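Scroll down for the structure; my scribbles are underneath it.
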Amino acid sequence: DAGVIQSPRHEVTEMGQEVTLRCKPISGHDYLFWYRQTMMRGLELLIYFNNNVPIDDSGMPEDRFSAKMPNASFSTLKIQPSEPRDSAVYFCASSFRGERNEQFFGPGTRLTVL
Amino acid sequence: KQEVTQIPAALSVPEGENLVLNCSFTDSAIYNLQWFRQDPGKGLTSLLLIQSSQREQTSGRLNASLDKSSGRSTLYIAASQPGDSATYLCAVLNSGYSTLTFGKGTMLLVSP
């Protein structure tokens with residue numbers, strides 16, 4: 001398996017623009033997570049899905065953030081409109097609800113909002 | 001709310017030293033604990049996963065221990081090498097949830 005795939009790897013945009021981050025989880029995994037990493041706050045969970053259904057979005061900072069999972073192999077995280085304080089690395093992770101419940105992380109998307 | 005603390009925040013050692021990284025958590029009702037490695041500008045690589053019923057896990061020069069009752073875990077790295085330089089993150093999977101709570105990490109530098 002190729003692991004968790006994220007695109008783009010880097011995104012530079014201007015304030016006010018819409019940004020869409022994409023994630024393909026590991027095949028067969030039933031959980032998908034979106035995290036954000038900043039120097040100040042470390043790694044924070046934004047939202048997670050189970051079987052394509054959003055379970056907990058309490059970590060989503062504002063209404064400007066939205067996430068979807070239309071099928072088991074694809075998820076998006078959208079920021080509209082983007083602001084400079086959204087600059088961070090966004091990670092997607094997936095796991096299978098089995099004995100180990102081990103999460104596997106993608107390479108991340110480095111977002112810079114100017 | 002679960003909180004995870006890692007000490008020290010940064011560590012610099014000469015090559016060949018054995019070292020210990022510490023992780024503590026406030027809620028002992030955890031399902032498992034994972035240690036990750038993160039290289040600069042890269043993603044997270046899982047190093048070791050310890051189930052709540054286990055005491056330790058070993059992989060090569062790495063050994064992770066878990067004392068759930070005291071809310072502590074340690075990552076022991078034997079005979080450190082410059083290639084071990086990275087940030088090491090501890091994360092706990094909370095019982096009843098699927099969410100990981102991360103520490104802020106320990107930045108390790110091993111000098112030749």
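Lettering follows sequence order; numbering is per chain, from 1. All figures in this text were calculated on a predicted structure; none of them were measured in a lab.
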Over 12 foreign heavy atoms within 6.0 Å of CD, B:Glu3: no

B:Arg72 atom CZ, neighbour heavy-atom count above 12 within 6.0 Å: no

Part of A:Gln37 within contact of chain B (heavy atom distance under 4.5 Å): side chain

Residues, nucleotides or ligands: over 12 heavy atoms within 6.0 Å of A:Met60 CE: yes

Contact summary for B:Thr99 and A:Tyr48, nearest pair of heavy atoms: CG2-CE2, 3.3 Å

Heavy-atom side-chain contact between B:Leu100 and A:Leu43 under 4.5 Å: no

Gap separating the CZ atom of A:Phe105 from the CZ atom of B:Phe36, nearest 0.5 angstrom: 5.0 Å

Enclosure of A:Glu14 CD (heavy-atom neighbours >12, cutoff 6.0 Å): no

Interchain contact, B:Lys104 with chain A, by part (heavy-atom threshold 4.5 Å): side chain

Atom CG of A:Asp63: over 12 foreign heavy atoms under 6.0 Å: no

Heavy-atom closest pair, residues A:Phe91 and B:Gln38: CZ-NE2, 3.5 Å

Pairwise side-chain contact, B:Ser46 with A:Glu102, heavy-atom cut-off 4.5 Å (strictly under): yes

Neighbour count above 12 (heavy atom, 6.0 Å) for B:Arg55 CZ: no

